[in-house]
2 protein chains.
Amino acid sequence: MTADDIKAMLHASKTMQAIQSEVENTNRIALSVDCVIFGFEENKLKVLLIRSDLKKYKEKWSLLGDLIKPNEDLDSAAYRVLHQRTGLDDIFLEQVHTFGTVKRHPAGRVVTVAYYSLINVEHHKLKILDNELHWQDVKTVTDLAFDHQEIFDTCYKRLQKRIQEHPLGFNLLPKKFSLRELQNLYESILDLKMDRRNFRKKFFSMNLLTDLNEMEKDVPHRPGKLYQFNFKKYEKNKKTWIGIDF
Amino acid sequence: MTADDIKAMLHASKTMQAIQSEVENTNRIALSVDCVIFGFEENKLKVLLIRSDLKKYKEKWSLLGDLIKPNEDLDSAAYRVLHQRTGLDDIFLEQVHTFGTVKRHPAGRVVTVAYYSLINVEHHKLKILDNELHWQDVKTVTDLAFDHQEIFDTCYKRLQKRIQEHPLGFNLLPKKFSLRELQNLYESILDLKMDRRNFRKKFFSMNLLTDLNEMEKDVPHRPGKLYQFNFKKYEKNKKTWIGIDF
DNA sequence: AAAATAATGTGTTAATATTACACATTAAAT
DNA sequence: ATTTAATGTGTAATATTAACACATTATTTT
């Protein structure tokens, strides 16, 4: 039995007081949230970035984040960051991973919980006046500040996986959209081309779309039909959504 | 523009000193890891539980966890807990989710990062002498201490999903195993019955198994062939493992 | 006004993957 | 020697996925 084992055994019989003391006096660590905010604009998947807070990293872009307050729920902190930056509530948000190596942040030990979210860019265009903040095509995102590149990569991969398992894409589109827009979205996120006929067949067979009997307007070509996402049917069929698998 | 928005703008231009001060003086939170340690024994999927540390919860079982030290990487803390409890190194370990509501732990604000791990019970049987620690059939796990039931449920679901996407099961089996053992494992984890012929066909077609040309011994019936996992071929085919999908 | 352009909209076939299903064989136990 | 309880094996039906081309429509250009 090693020293560690003995310590572990002792730990097992720790009292409430001992734990409280540890929680209160030692072992506390700064915790932050970082949000990878995705948007879809000009047929490209984009991410909202901010110039790094720290002078040392002034030339680099970073994710939107903030420290979590001691009396604040983790998810609330993520929603707060989102709301502060986009003005939007009721946003799709998913926790992805927690990054916690000792030296990940230059300002000291900060463990960060990464989230990604999907927003409809149309809804908050006004907010982006600040030149410290911008939407960047995900294809061009490299060399973010700190470990934010790794966080971004992890979240982007998660999005790519999730969108093949669940109909998340609608969070990125306006209420009314054409099938072409929907397909462009999937192609952008997954970075591949799909067959139009198979794409349409798949989505129609899933009964997720409501035909609005309206047509696109102001497009420089034959207009397509407009659809909206049918939330009710999705709830019903949640178990049977098994991936796009084009 | 709301007060929050203004605060956000100000935050964007925070200096290194301001951040360091926040990191060092305020906003620090106790962080822990909790591990859902799965094992496979007597044809059942089991989880390693410990009697709750706190008197108040003395009648309840809880997951294995500990506070993270300020100079310790997150993953290292999880490995440390595992090593302390099982004596094993080189264990499969995956981070799942971070639980961080303000009131989740009675001893104060503690945010916890949940991991699950898969171990071969044969390798550490000796350790379980302590009656504060036991292996419990996952089917009977209810009403754990604190929010550990939720953490357990989340990790168990993750395992069920992962095992359909990656060949993780081998971490739970002895080096040499029969196809029946492998199938029992999958059936236990996924809580369903599968067709033997289809199961075998699937695994053989994936080229993951090496036939050892040995037979089971000391079984009260016709012995089956023994196999081992072929790691090399798995690495090669990583991209093409697309789920069991029985 | 006619022609060119650039997109939408639609069905079928082949290939692949999944599911369903039954009987002979082997070693141990009785 | 018989019974028992498991292993080991193949095929046909079904469902899913992938590949593929042409007519139609509205806009733009000439």
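Within every chain, numbering begins at 1; the chains are lettered A, B, ... in the order of the sequence lines, protein sequences first and strands thereafter. These numbers were taken from a predicted model, which means no experiment stands behind them.
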Engineer: Give the angle between the helix axes at the two ends of the helix from C:dA1-D:dT30 to C:dT30-D:dA1, taking five base pairs at each end and rounding to 10°.
Structural biologist: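 About 10°, once rounded to a multiple of 10°.
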Engineer: In whole angstrom, what separates A:K202's NZ from D:dT16's P?
Structural biologist: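 These atoms are roughly 8 Å apart.
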Engineer: Would you say the ring centroid of B:F38 lies under 6.0 angstrom from that of B:F92?
Structural biologist: no
Engineer: Roughly, in whole Å, what's the span from CE in A:M215 to P in D:dA26?
Structural biologist: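 After rounding, the gap between these two atoms is 7 Å.
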Engineer: Let me know, please, whether A:R196 or A:P220 comes out on the 5' side of the other along DNA chain C by nearest nucleotide.
Structural biologist: A:P220
Engineer: Ignoring hydrogens and angles, answer whether the base of C:dT8 and the side-chain atoms of A:R180 contain a donor-acceptor pair closer than 3.5 Å.
Structural biologist: no
Engineer: Rounded to the nearest angstrom, tell me the gap between atom CG in A:L182 and atom P in C:dG9.
Structural biologist: 13 Å
Engineer: Could one point to a donor on the side chain of B:K201 or the base of D:dT11 with an acceptor on the other under 3.5 Å away?
Structural biologist: yes
Engineer: Among A:H97, A:E94, A:Q95, which residue meets the side chain to side chain donor-acceptor pair (under 3.5 Å) test with A:R158?
Structural biologist: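 Testing each of A:H97, A:E94, A:Q95 against A:R158, the sole residue satisfying side chain to side chain donor-acceptor pair (under 3.5 Å) is A:E94.
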Engineer: Taking for each residue the nucleotide of DNA chain D bearing the nearest heavy atom, is the 5' side occupied by B:Y227 or by A:V219?
Structural biologist: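 By nearest-heavy-atom nucleotide position, the 5'-most residue is B:Y227.
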Engineer: Any sub-3.5 Å donor-acceptor pair from A:Y156's side-chain atoms to A:I189's backbone N or O?
Structural biologist: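 Flag set: sc A:Y156 to bb A:I189 pair under 3.5 Å.
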Engineer: What is the distance, rounded to the nearest whole Å, between atom CZ of A:R222 and atom C1' of D:dA26?
Structural biologist: 8 Å
Engineer: Decide yes or no, distance alone: a donor-acceptor N/O pair under 3.5 angstrom between the base of C:dG9 and the side-chain of A:R200.
Structural biologist: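 No, no donor-acceptor pair under 3.5 Å.
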Engineer: In whole Å, what is the span from the NE2 atom of A:H221 to the C1' atom of C:dT5?
Structural biologist: 12 Å
Engineer: Using a distance-only test with no angle check, is there a side-chain donor-acceptor pair under 3.5 angstrom linking B:Y115 and B:D75?
Structural biologist: yes
Engineer: Just the rounded figure in Å: distance from P of D:dG8 to CZ of B:F199.
Structural biologist: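 Rounded to whole Å, this separation is 13 Å.
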Engineer: Run through B:L49, B:L48, B:V47, B:I50 and flag the one making a side chain to side chain contact (heavy atoms under 4.5 Å, CB included) with B:H134.
Structural biologist: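 Among B:L49, B:L48, B:V47, B:I50, the one that satisfies the side chain to side chain contact (heavy atoms under 4.5 Å, CB included) with B:H134 is B:L49.
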Engineer: Given atom CD of A:Q183 and atom C1' of C:dG9, what is their separation to the nearest angstrom?
Structural biologist: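 Rounded to the whole Å, the gap is 12 Å.
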Engineer: Flag the pair B:F146 / B:F99 as yes when their ring centroid distance falls below 6.0 Å, and as no otherwise.
Structural biologist: no
Engineer: Would the base of C:dA22 count as contacting B:R197 through its side chain, where contact means a donor and an acceptor less than 3.5 Å apart?
Structural biologist: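 Counting by modelled atom types and ignoring angles, a donor-acceptor contact under 3.5 Å is found here.
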Engineer: B:Q164 has an atom CD; how far is it from atom C1' of C:dT18, in whole Å?
Structural biologist: 14 Å
Engineer: Which atom names give the shortest non-hydrogen contact between B:W61 and B:E132, and what distance separates them?
Structural biologist: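 In this case the closest contact between B:W61 and B:E132 is CZ3-O, 3.5 Å.
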